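Remember, predicted model here, so these are calculated numbers, not experimental data.
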Amino acid sequence: MCACSAREGFQAVGVPDKAAHLMETYWSYLGGTEDQMDFFTMIVMLYNYLTQRPAMPAHKSHEMSLALVDSLYRHGGNIWYNCEVSQLLMDGQQVTGVIANGHEIHSHFVIADVSPTTIITKLLPKGVSAPKQNIKLTNARKFAYSLETMYIGLNKSAEELGIRDYSTFIVNDLDPVKQAAATSHNQKGTFIANCLNCFVPDASPKGTCTLFFTTMGDPKYWANLKPEEYFRAKNQRMKDWADHYERCTGIHIRPYIEEASFASDVTFARYLGTPNGSPYGYQIQRWDNIVPRLINMDKEQMFSHLEITGAAAENIDGYNCCYTNGFLHAQKVIKEAAQ
């Protein structure tokens, strides 16, 4: 199951192509198409959707963050906001703390929610290099897809506009491989439209609703833009996307838009601090997925007393996966600290 692709797995168990394509529509949630993703990962995701069912906190992901903050405070922890870590503190091959906002903070263990690439290229002290095997591994891996997102506030309710579903996938082809290929020049191979009010009615004031559109990013396009062209390009993207949604769904939204904002690959890179602005970590591949990452978890540890978690870690990306990664590495630190 781990050695074959999702497409090969569906074919092996006799799933018709049309049914397989419908299930593979969720590839964008994991950042890997049917030929990139292993069958095991795809089946685990579908199984969890069917058995546990999707859920949405009333205040979206921010509510989950607040719950974690509350739990941390109740257990004696502390949080320093707006304190970017600029360097790891090290004693030989052991991490002993970090430098944040110019201050040295010493600790027995460090759990870093960043990409290993960021550790190697930005956070190591002068004169310190990562082990050769870690450098080779990060060079072998590819950064996953980046995203572009448009946020819209409308002065009509979802019901008045005719929006009935929380999530709508608009694709250029049933084949996810062709969807992923259509990302350059604003092609919108896969275009996801979400209306939170369909799931959480009071997510915005009565008589209003919100929409947000997401598609795969086009890093080369944004990289080649001149600074003076940036905002014009974002505005044009928003016009094109609103037209695309109206044309594909028959739902008219432009007369009712009160506010709109656009996040490009550059926006995500700035605020997430991730390579290329990708929220997915490393590209999931048949040789590099959940199972081999878990098997080689200890072998891939870069430095003693440093745990790297988040979207680039063993259980790949996604809210539940990243929380699992954090829990996994916290448990490992607790076990090592007790020894």
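Other residues, nucleotides and ligands place more than 12 heavy atoms under 6.0 Å from the OH atom of Tyr323. No more than 12 heavy-atom neighbours from other residues, nucleotides or ligands sit within 6.0 angstrom of CD on Glu259. With a 6.0 Å radius and a threshold of 12 heavy atoms from other residues, nucleotides or ligands, Glu63 has its CD atom above the threshold.
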Would you be so kind as to tabulate the donor-acceptor pairs closer than 3.5 Å made by side chains of residues 71-87, with sequence neighbours excluded?
from	atom 1	to	atom 2	distance (Å)
Arg74	NE	Asp70	OD2	2.9
His75	ND1	Ser71	O	2.7
Ser86	OG	Ile99	O	3.4

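Partner of Met302 under the side-chain contact (heavy atoms from CB on, under 4.5 Å) criterion, out of Leu137, Leu88, Asn134: Asn134 alone.
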For this session: Go through the steps for Val98 and His106 under the test side-chain contact (heavy atoms from CB on, under 4.5 Å), then give the verdict.
Result: CA-CA 7 Å; Val98 299; His106 295 270; over 6 Å; no
For this session: Check step by step if side chain to side chain donor-acceptor pair (under 3.5 Å) holds for Glu314 and His329.
Result: CA-CA 10 Å; Glu314 292 76 20; His329 288 277; 2.8 Å; yes
For this session: Take Asn289 and Gln285 through the test side chain to side chain donor-acceptor pair (under 3.5 Å) and record every step on the way to the result.
Result: CA-CA 6 Å; Asn289 53 65; Gln285 301 180 74; over 6 Å; no
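Between Asp288 and Lys142 there is no salt bridge, since no side-chain N of the basic residue sits under 4.0 Å from a carboxylate O of the acidic one. Note on Lys332 versus Glu307: salt bridge recorded, some NZ/NE/NH1/NH2 to OD/OE distance being below 4.0 Å. A salt bridge links Glu24 with Arg7: at least one charged nitrogen is closer than 4.0 Å to a carboxylate oxygen.
Cation-pi contact between Lys60 and Phe212: present, with separation from the ring centre below 6.0 Å and deviation from the ring axis of at most 45°. Cation-pi contact between Arg237 and Tyr221: present, with separation from the ring centre below 6.0 Å and deviation from the ring axis of at most 45°.
No side-chain N or O of Ser278 forms a donor-acceptor pair with one of Asn276 less than 3.5 Å apart.
Ring planes of Phe262 and Trp241: perpendicular class, angle over 60° (limits at 30 and 60°).
For the ring-ring contact (aromatic ring centres under 6.0 Å, His included) condition, the pairs that include at least one residue of residues 130-153, sequence neighbours left out, are Trp27-Tyr145.
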